[in-house]
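For reference, the structure discussed in these notes is given below.
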Amino acid sequence: FIKAKAAGEATGIPSLADDSGLCVNALGGKPGVLSARWAHDAGSFPVAMQRLHEALKESKDRTAFFVCSLVLFWPDGQSISVEGRCDGALVWPMRGTGGHGYDPIFQPLGEMRTFAEMEASEKDNESHRGRALRALAEMFSQK
């Protein structure tokens, strides 16, 4: 909301912002919305993924989910928000070369491939961002 509001007020036009992240159940939801910062602090996403793997070594629970919160803000102060979520599990070793971020270790429920092993269009159908954007579009199609 803070990002969308700042952009809307600065530009005078409707503004869309998102926060998203990887939430690992065995780690109490970490790294969550701090996923990018966690990777930056680790030096890179591959190092951050190794860090996650090491943090989970003693845990049998590999469940995780990606979440995306979108906020659309109008300069008159109105806003709407939606959320998209994709449940899955973390796998090791890393697999695939596509996507970005934590995609090589995230396998969505019902899939045998990680996000990094999927074509972009396939990932868009499953991803948290795709689901959030579809939820937002659905809100407008109902009006």
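Please read these numbers as outputs of a predicted model, since none were measured by experiment. Values below: every heavy atom of this structure, side chains too, minus hydrogens, waters and symmetry copies.
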Is there a donor in the side chain of Ser69 and an acceptor in the side chain of Asp19, or the other way round, less than 3.5 Å apart? no
With heavy-atom distances below 4.5 Å as the criterion, would you say the side chains of Pro104 and Arg95 are in contact? no
Arg134 bridged to Glu138 by N-O distance under 4.0 Å: no
Check: Leu56 main-chain N/O paired with Ser59 side-chain donor or acceptor under 3.5 Å: no
Walk me through it: do Leu90 and Leu22 pass the test side chain to side chain contact (heavy atoms under 4.5 Å, CB included)? CA-CA 10 Å; Leu90 300 183; Leu22 175 66; 4.1 Å; yes
Thinking salt bridges, do Arg131 and Glu126 make one under a 4.0 Å N-O criterion? yes
State, with a plain yes or no, whether a side-chain heavy atom of Trp74 is found less than 4.5 Å away from one of Ile80. yes
How far apart are the closest heavy atoms of Pro46 and Met94, and which atoms are they? O-CE, 4.3 Å
Of all the heavy-atom pairs spanning Ser79 and Phe1, show the shortest one and how long it is. OG-CE1, 3.6 Å
Do Lys123 and Asp103 meet the salt-bridge criterion of a basic N to acidic O distance under 4.0 Å? yes
Between Ala48 and Tyr102, what is the shortest heavy-atom contact and its length? CB-OH, 3.7 Å
Listed partners of Arg113 passing side chain to side chain donor-acceptor pair (under 3.5 Å), at least two apart: Glu111, Glu122
Going from CG on Leu133 to SG on Cys68, what distance comes out if it is rounded to the nearest 0.5 angstrom? 6.5 Å
Can you tell me if CD on Glu54 sees more than 12 non-hydrogen neighbours from other groups inside 6.0 Å? yes
Where the side chain of Glu9 meets the backbone of Ala6, is there a donor-acceptor pair that is under 3.5 Å apart? no
Looking at every non-hydrogen atom in both residues, tell me the closest pair between Ser35 and Pro31 and how far apart they are. OG-CG, 3.5 Å
For the student: nearest non-hydrogen atoms of Val82 and Ala132, plus distance: CG2-O, 3.4 Å
Phe65 versus Arg85, closest heavy-atom pair with distance: CD2-NH2, 3.4 Å
Any side-chain to backbone donor/acceptor pair from Ser20 onto Asp18? Under 3.5 Å, distance only. no
